Every structure is written in structure tokens, then in C-alpha cells.
Amino acid sequence: KHALNCHRMKPALFSVLCEIKEKTGLSIRGAQEEDPPDPQLMRLDNMLLAEGVSGPEKGGGSAAAAAAAAASGGSSDNSIEHSDYRAKLTQIRQIYHTELEKYEQACNEFTTHVMNLLREQSRTRPISPKEIERMVGIIHRKFSSIQMQLKQSTCEAVMILRSRFLDARRKRRNFSKQATEILNEYFYSHLSNPYPSEEAKEELAKKCSITVSQVSNWFGNKRIRYKKNIGKFQEEANLYAAKTAVTAAHAVAAAVQNNQTNSPTTPNSGGYPPSCYQSDGRLQ
DNA sequence: GCATATGATTGCAG
DNA sequence: CTGCAATCATATGC
């Protein structure tokens, strides 16, 4: 929906065409945009390049996108959203290139058109090369100002894309089904002490392809919400307890002399009741 | 559309 | 710094 408002450029293009067409050879006053070293343009160009919108097509683009995401993301990679992000960026890039090409083509066409007009006029009145040069210069300036608009709105679109995808809080994504599966499994199988160590968190993070702090958040939320009303989670608890019981049963059966599957010396801090059933999880 | 679920953030305490 | 509790903002199911 917010894709790109490049279409805004089209009227501009046509209006310029008409403007110049109407005033063939007359004074065109829009020449105040004098800019070989325009800082604004350079800024836009640099940003587009850095964002991988302009520049080499596929490989460079994705690399730049990944670099950009990594640069502002901080943590190395969760990479779940990268594909989505990259797809949208590719889309922007395509639109940008298409439009750019269109403008270029239009510019060339129009230049030759004007040249032809001038050539025709040269039969009725003398036309100096200087004048032709001036006309061409005017046309090119006009078109490059249009290009700048294109670049500007492309930058805008990229910025919006970025903020949408990289601002984690605004665009919350639920974890994958299997990720919550893994987390829940851990939670309910360590219900008496649902505080994973740093290593355990790292392991879980790796398995779920989320970050460690996301694991911490999840456990924080889960603990408080579980405690808040245990009743609501009872069904879930039983489900996962049963599930782990199956796997635990194997371990228990394999090593019968170890009578406990969970940590034997956990102090059971605070309000967590012993799990509905798990340590004697052998199926009967 | 609304109610609920859920991930993230904030403020506070130890 | 970690965890808890409240809260925010979005996602999701109806």
C-alpha cells in the first residue's frame, strides 16, 4: 500500500514536457536549479547506493541490504525477516530503475524532438549552435530535477521500509510455531525452576532462531503470565508435560538408576507449584 | 470490530 | 544486571 509514490512523478514529467513544448525556444525561467555539486543530490545518491537501490543489480543489492540491516540491527542475524525485507527492497529497486530508464528515454526522445524542431526552424531563421546547446542544457536540467524527485521519493520509501521492518516494537512478529513449541517444552519441563541459564538460553535461542534477549523476554512473560493464573495454562501444561513425558520416558527407561529427570537440588523458589506431573513421568 | 494472545518496553527492587 | 510487574502495541481468532 505504501509501496512507492513514483506515480507522482508522471504529471511532473508531462507538465515539463508541455511547458517546454509550449515555449519552444522562448525563455524558460526554471533555471535556478544550478547544481553540478548539489549536496542534496549527492546525499540522495549516496544513500541509494548504500541501500543497494542503485548500483549493481542482484548480488550487490542483497549484500548491501544485509549490511544495512546488520548495521542498524546490532545483533548479527535473526534473518527471519530478511527475506521479506529484501523482497520489498528489490521491488523498490525495480521500480526505481524502471522509472529512471523511462525518464532517460523520455529525455532523449524529447531532446531529439526539440532538435528536430529547431532544425525545422533553422530554415526560417538563423539558429546559433549556442542556442541549441542552451536548449539541451535546459532540458537536461529539467529532467535531472525530475530524477532527483524520483530519488527522493525512493529514499523516502526505503526509509519507511526500514522503519517498518527494523523497529521491532512497532512491527511485532509472533515466533514460529515450532519456536514456541521448543520454548514451551523447556518451560513446562522445568516448571519447578523455569530459569534457563545463560547457556540454556543461548541453546534455546539457537534452536528457535531468535535472540537470547528474546528468549529472556519470552521466559519473563511466560513466568509472570503463568503465575498470574495457572488455571488458564493447565491444559497447555498437561499437553507439554505429556509430550516431554514421552521423551523423558526413554531417558528414564535408559537410565533407571537416576530417579529424577529434573534437577534434584533446585530450591524451588517462590510460587511455582510442583508440576502437575513430570518427574514420575514413566507411562503407566 | 472486538477480545484475547503475545512479544517488547519501561520502571522498579534487590 | 536480572527478574518482576505493569503497560504498550501489534497479531490473531472470532
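On a predicted model such as this, the values are computed, not experimentally measured, just so you know. Protein chains get the first letters and strands the later ones, always in sequence-line order, with residue 1 at the start of each.
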How long is the line joining [atom1] of [X] and [atom2] of [N], in whole Å?
X: Asn221(A); N: dG3(C); atom1: CG; atom2: C1'; value: 12 Å
X: Arg172(A); N: dG7(B); atom1: CZ; atom2: P; value: 6 Å
X: Gln214(A); N: dT6(B); atom1: CD; atom2: P; value: 16 Å
X: Lys222(A); N: dT6(B); atom1: NZ; atom2: P; value: 7 Å
X: Phe219(A); N: dT9(B); atom1: CZ; atom2: C1'; value: 20 Å
X: Lys177(A); N: dG13(C); atom1: NZ; atom2: C1'; value: 12 Å
X: Arg173(A); N: dT10(C); atom1: CZ; atom2: P; value: 14 Å
X: Leu183(A); N: dG7(B); atom1: CG; atom2: C1'; value: 12 Å

* Any Lys232(A) side-chain N or O less than 4.0 Å from OP1/OP2 of dA5(B) ->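 Answer is yes, contact under 4.0 Å.
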
* Asked: Within less than 4.0 Å of OP1 or OP2 of dT6(B), is there a side-chain N or O belonging to Arg225(A)?
  ->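 Looking at the OP1 and OP2 atoms of dT6(B), neither is under 4.0 Å from any side-chain N or O of Arg225(A).
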
* Carboxylate-amine/guanidinium proximity below 4.0 Å for Glu99(A) and Lys102(A) ->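 A salt bridge is present here (some side-chain N lies under 4.0 Å from a carboxylate O).
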
Please classify the nucleic acid contact of [X] as base, sugar-phosphate, or nothing, using heavy-atom distances under 4.0 Å.
X: Ser216(A); value: nothing
X: Asn174(A); value: sugar-phosphate
X: Phe175(A); value: sugar-phosphate

* Criterion side chain to side chain donor-acceptor pair (under 3.5 Å) against Lys222(A), the qualifying member of Asn217(A), Asn184(A), Thr180(A) ->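 Filter result, single survivor: Asn184(A).
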
* Asked: Listed by chain and number, what are the side chain to side chain contact (heavy atoms under 4.5 Å, CB included) partners of Asp45(A), not counting sequence neighbours?
  ->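 Asp45(A) satisfies side chain to side chain contact (heavy atoms under 4.5 Å, CB included) with Leu41(A), Lys151(A) once adjacent residues are dropped.
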
* Is the Phe187(A) ring parallel, tilted or perpendicular to the Tyr226(A) ring (thresholds 30°, 60°)? ->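 Phe187(A) vs Tyr226(A) ring planes: perpendicular.
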
* **Among dA5(B), dC4(C), dG7(B), the one nearest Thr180(A) by side-chain distance** =>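 Within the option list, the nearest is dG7(B).
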
* Can you tell which of dA6(C), dT9(B), dC4(C) lies closest to the side chain of Lys227(A)? ->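 Closest of the options to the side chain of Lys227(A): dC4(C).
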
* Asked: Taking for each residue the nucleotide of DNA chain C bearing the nearest heavy atom, is the 5' side occupied by Lys228(A) or by Lys201(A)?
  ->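 Its nearest nucleotide being more 5', the pick is Lys201(A).
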
* To do: May I have all residue pairs that pass ring-ring contact (aromatic ring centres under 6.0 Å, His included) and include part of residues 203-223 of chain A, sequence neighbours excluded?
  =>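 Residue pairs with at least one partner in residues 203-223 of chain A: Tyr186(A)-Phe219(A).
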
